[in-house]
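Taking it in order: structure first as structure tokens, then the write-up.
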Amino acid sequence: MLQQLLCQQHQTIIEAIRIINENALGTVFVVDEQQKLLGILTDGDIRRLILDGIGLEAQVAAHTNTNFTYAHASEEIHEVLSKASQKVRIIPIVDEGFVVVDYFQYSNQLHLPVAAPNLEGNEFKYLVDAFLSTWISSAGDYIRRFEEDFSSYCECEYGVATSNGTTAIHLALLALGVGKGDEVIIPDFTFAATINAVLHAGATPVIVDINPDSWCIDVEEIKKAITPNTKAIIPVHIYGQPCDMEAIMAVAEAHHLWVVEDCAEAHGALYKGKKVGSFGHINCFSFFGNKVITTGEGGMCVTNDEKLRDTMKQYRDHGMSRNKKYWHDVVGYNYRMTNLQAAIGVAQLERIDQILANRKAIEEEYKQYFGHYPFIHFQRNDLPHRHKITWLVSATFSNNKRDTYLQLLKEKGIDSRPFFYPLSEMPLYQQFLFSNKNAKLIAARGINFPTVKPLESSAVEAMNEIFESS
């Protein structure tokens with residue numbers, strides 16, 4: 001980790017920002033070629049430099065803070081600790097020649113957030129480029145590029161960027177002509193955005209149960225729920241687990257139904273070697289801050305149907321005609337993504353394979369450290385034909401202590417989350433219930449663990465202490 005704190009004196013401020021983004025400690029140690037410590041630069045120092053008009057290409061050597069706190073390797077721990085405070089949390093440790101050999105990190109409490117964006121690539125560079133282009137609103141080259149690149153990643157022909165994942169689903173339903181009098185089958189175990197989009201479209205949601213192994217919508221329950229009014233199915237690839245898309249598409253084809261995949265939590269997941277988001281008629285993604293890749297807020301519809309693409313773009317852009325400026329053929333919406341958001345998305349997509357690999361490695365760490373507890377059951381990754389991705393590290397508990405664990409983890413500074421409530425448990429949606437047995441059982445037992453960085457020994461120790469008390 002020490003190497004991730006070092007910044008050579010000839011490097012630039014923008015390079016120092018990248019190092020700080022990577023180490024997530026808010027500080028770099030500025031050193032010479034022999035790793036001799038010259039000074040410190042914090043994210044706060046950099047903000048002040050930028051406000052003072054210092055360019056991002058300026059060398060850090062000229063702007064390094066030389067009035068800083070440090071410690072010698074020969075000092076006792078209590079001496080080092082005495083130099084730490086709420087303001088001074090990262091202290092470089094040097095040898096007799098003032099060469100950096102270690103560092104001390106002060107923390108009076110462990111804090112492990114449940115999710116955080118990974119912004120270690122070209123995000124800042126592209127964002128500045130979009131800013132300087134002055135195309136900062138809903139037009140610009142990064143929007144076109146993100147739509148093309150992301151739809152290609154999903155093995156689809158067309159992409160339509162949106163303001164968020166919920167508007168993406170609503171836009172898809174509008175383009176498919178789903179509305180009043182139509183029924184849309186959805187799973188009970190999903191985030192409320194799925195059902196809300198159906199209601200926004202004026203249609204009637206039909207809530208069906210999930211499969212206990214995959215936690216995804218149960219195909220047999222879909223079949224039972226179909227009526228003459230059924231117009232569409234929204235399978236949700238819950239927590240990165242692909243649905244049984246071959247069976248779902250077969251049911252849809254037999255009954256002439258539309259399929260809108262909700263892929264908000266499953267970027268890059270595979271079913272029979274194909275990307276989720278490539279099976280349905282229109283398929284929707286979210287780029288919220290806690291998703292695999294993010295634009296802060298944002299979403300995307302992908303499709304292979306050019307006509308549906310054009311219809312979605314019109315509804316997204318206030319219903320304005322694509323051929324006649326300021327002429328409105330339909331009542332549309334402002335569901336557009338900005339060029340600034342798309343710039344971040346392009347950079348995120350460049351590293352999606354590495355981001356997914358990092359998340360998978362974190363999940364494997366959880367299994368290594370806690371998989372021996374017989375009451376912890378991690379989300380399955382051995383289902384036939386399915387390659388799930390790690391959105392959050394998800395597990396159920398069979399000892400009826402889920403809520404106790406959530407409280408104890410919170411007290412230890414570990415920001416875990418319960419599973420989504422089943423939609424059918426909320427009075428707002430109960431009238432739309434068809435079946436929900438498995439969803440209730442799974443949701444009541446589940447915890448999503450932090451998936452932001454490799455587990456530190458303090459976090460492992462804290463979690464083992466909690467689980468061993470069982």
Is there a side-chain contact between [X] and [Y] (heavy atoms, below 4.5 Å)?
X: Arg402; Y: Pro418; value: yes
X: Ile248; Y: Pro235; value: yes
X: Thr294; Y: Phe288; value: no
X: Ile234; Y: Ile186; value: yes
X: Ile466; Y: Lys412; value: yes
X: Leu356; Y: Val292; value: yes

Review point. When you measure from the centre of the six-membered ring of Tyr153, is the NZ or CZ of Lys275 under 6.0 Å away and within 45° of the axis?
Key: yes
Point to revise | Over-ring placement of Lys291 relative to Phe285, 6.0 Å and 45° cut-offs | key: no
How long is the gap from [atom1] on [X] to [atom2] on [Y], to the nearest 0.5 Å?
X: Ile282; Y: Thr311; atom1: CD1; atom2: OG1; value: 8.0 Å
X: Thr166; Y: Tyr335; atom1: OG1; atom2: OH; value: 9.0 Å
X: Thr190; Y: Ile195; atom1: OG1; atom2: CD1; value: 9.5 Å
X: Lys313; Y: Leu308; atom1: NZ; atom2: CG; value: 13.5 Å
X: Asp129; Y: Asn122; atom1: CG; atom2: CG; value: 10.5 Å
X: Leu349; Y: Phe150; atom1: CG; atom2: CZ; value: 7.0 Å

[Y] ring center within less than 6.0 Å of [X] ring center:
X: Tyr421; Y: Tyr429; result: no
X: Tyr373; Y: Phe397; result: no
X: Phe449; Y: Phe370; result: no
X: Phe131; Y: Tyr126; result: no

Would you confirm whether [X], through its side chain, and [Y], through its main-chain N or O, come within 3.5 Å as a donor-acceptor pair?
X: Gln348; Y: Asn118; value: yes
X: Thr303; Y: His281; value: yes
X: Gln241; Y: Arg380; value: yes
X: Arg445; Y: Thr396; value: no
X: Gln314; Y: Gly319; value: yes
X: Arg18; Y: Phe124; value: no
X: Asn164; Y: Gly298; value: no
X: Asn23; Y: Thr27; value: yes
X: Asn283; Y: Val260; value: no
X: Lys231; Y: Gly177; value: yes

Decide whether [X] and [Y] meet the rule of one side-chain donor and one side-chain acceptor closer than 3.5 Å.
X: Glu411; Y: Gln407; answer: yes
X: Tyr271; Y: His387; answer: no
X: Asn436; Y: Ser424; answer: yes
X: Gln341; Y: Glu297; answer: no
X: Glu221; Y: Ser435; answer: yes
X: His255; Y: Thr230; answer: no
X: Arg336; Y: Asn334; answer: yes
X: Asp149; Y: Tyr142; answer: no

Step through the shown structure and confirm whether more than 12 heavy atoms of other residues, nucleotides or ligands are within 6.0 Å of [atom1] on [X].
X: Glu155; atom1: CD; value: yes
X: Lys437; atom1: NZ; value: no
X: Glu461; atom1: CD; value: no
X: Asp382; atom1: CG; value: yes
X: Glu253; atom1: CD; value: no

Under a 4.0 Å threshold between the charged nitrogen and the carboxylate oxygen, would [Y] count as salt-bridged to [X]?
X: Lys223; Y: Glu220; answer: yes
X: Arg144; Y: Glu148; answer: yes
X: Arg309; Y: Glu306; answer: yes
X: Arg351; Y: Glu120; answer: no
X: Arg359; Y: Glu365; answer: no

Show the nearest heavy-atom pair for residues [X] and [Y], with the distance to one decimal.
X: Ala439; Y: Pro422; value: O-CG, 3.7 Å
X: Gln379; Y: Ile238; value: NE2-O, 3.4 Å
X: Val114; Y: Leu392; value: O-CD2, 3.7 Å
X: Cys216; Y: Val236; value: SG-O, 3.9 Å
X: Ala269; Y: Gly240; value: CB-O, 3.7 Å
X: Ala197; Y: Leu173; value: O-CD1, 3.8 Å

Point to revise | Check against side-chain contact (heavy atoms from CB on, under 4.5 Å), Asp310 and Arg322 | key: CA-CA 8 Å; Asp310 292 344; Arg322 292 175 58 81; 4.1 Å; yes
Practice item. For Val276 and Glu261, run side-chain contact (heavy atoms from CB on, under 4.5 Å): C-alpha distance rounded to whole Å, both residues' side-chain angles, the deciding distance at 0.1 Å, then the answer. Key: CA-CA 8 Å; Val276 300; Glu261 291 180 62; 3.9 Å; yes
Review point. Passes side-chain contact (heavy atoms from CB on, under 4.5 Å), Leu340 versus Leu127? Steps please.
Key: CA-CA 6 Å; Leu340 296 177; Leu127 183 61; 3.9 Å; yes
Revision key, fill the gap. Per ring-ring contact (aromatic ring centres under 6.0 Å, His included), Tyr239 is matched among Phe191, Phe378, Phe420 by Phe420
Practice item. Take the angle between the ring planes of Phe375 and Phe467 and call it parallel below 30°, perpendicular above 60°, tilted in between. Key: perpendicular
Exercise for review: If the plane angle is over 60° it's perpendicular, under 30° parallel, otherwise tilted; pick one for His170 and Tyr333.
Suggested key: perpendicular
Exercise for review: Run the numbers on His237 and Met245 for side-chain contact (heavy atoms from CB on, under 4.5 Å), then give the verdict.
Suggested key: CA-CA 10 Å; His237 306 297; Met245 289 310 303; 3.6 Å; yes
